[in-house]
Amino acid sequence: TKLAISNFDKASLLLTNARELNGLVAWTHYQAGRLKLKNGEKESAIKDLNRVLDIESDNPDIAEVKKLSTFLLLKSTKG
């Protein structure tokens with residue numbers, strides 16, 4: 001899991017400035033946050049999930065990942 005987290009972190013860093021890749025950036029942050037939550041890295045996971053919510057786009061794919069990120073954020077605050 002640590003390797004996957006590291007890979008998702010690197011990918012999200014590389015993709016941050018590529019506007020046309022917002023969907024990929026959103027899913028990358030989501031997956032990194034999801035894995036970090038699973039691995040007990042709550043603070044870092046919350047940052048990644050909030051980055052998903054900060055992405056501005058009308059793309060339906062991004063709307064879906066924002067819903068999933070919101071769910072994990074709510075779940076992380078209750079647990």
Side-chain angles (χ1 to χ4, degrees):
T1 315
K2 291 278 189 185
L3 179 60
I5 291 170
S6 175
N7 288 340
F8 278 116
D9 281 343
K10 288 176 189 174
S12 64
L13 185 63
L14 291 171
L15 296 171
T16 298
N17 294 324
R19 291 297 247 187
E20 65 276 2
L21 299 174
N22 277 346
L24 183 57
V25 172
W27 282 104
T28 301
H29 283 302
Y30 169 76
Q31 293 296 346
R34 182 184 63 79
L35 288 173
K36 288 176 184 177
L37 270 181
K38 185 177 179 180
N39 208 34
E41 301 174 36
K42 188 175 178 179
E43 285 184 37
S44 185
I46 289 171
K47 287 180 186 177
D48 283 318
L49 295 170
N50 278 322
R51 286 183 182 129
V52 174
L53 301 181
D54 291 340
I55 295 172
E56 294 183 25
S57 176
D58 294 334
N59 185 328
D61 190 43
I62 292 177
E64 182 65 25
V65 73
K66 283 184 174 188
K67 289 177 191 175
L68 293 168
S69 295
T70 301
F71 172 76
L72 286 182
L73 284 167
L74 291 171
K75 187 176 175 183
S76 72
T77 59
K78 290 191 177 202

What closest approach, in Å, do Ala45 and Gly33 show between heavy atoms, and which atom pair accounts for it?
CB-O, 3.3 Å

Return the minimal non-hydrogen interatomic distance between Phe8 and Thr28, and the atom names on each side.
O-CG2, 3.3 Å

Sidechain N-carboxylate O distance under 4.0 Å for Asp48, Arg51:
yes

Could you walk me through whether Leu49 and Lys36 pass the side chain to side chain contact (heavy atoms under 4.5 Å, CB included) test, one step at a time?
CA-CA 10 Å; Leu49 295 170; Lys36 288 176 184 177; over 6 Å; no

Could you walk me through whether Ile5 and Glu41 pass side chain to side chain contact (heavy atoms under 4.5 Å, CB included), step by step?
CA-CA 10 Å; Ile5 291 170; Glu41 301 174 36; 3.7 Å; yes

May I ask you to test the [X]-[Y] pair for a side-chain heavy-atom distance under 4.5 Å?
X: Lys42; Y: Leu37; answer: yes
X: Ser6; Y: Lys10; answer: yes
X: Val52; Y: Thr70; answer: no

Roughly how far, to the nearest 0.5 Å, is the [atom2] atom of [Y] from the [atom1] atom of [X]?
X: Leu72; Y: Arg34; atom1: CG; atom2: CZ; answer: 8.5 Å
X: Leu73; Y: Lys78; atom1: CG; atom2: NZ; answer: 13.0 Å
X: Asp9; Y: Gln31; atom1: CG; atom2: CD; answer: 12.5 Å
X: Glu43; Y: Ser76; atom1: CD; atom2: OG; answer: 11.0 Å

Testing Asn22, Leu68, Ile62 one by one against Trp27 for a side-chain contact (heavy atoms from CB on, under 4.5 Å), which residue passes?
Leu68

Residue pairs involving residues 62-72 (criterion salt bridge (Lys or Arg N to Asp or Glu O under 4.0 Å); sequence neighbours excluded)
none

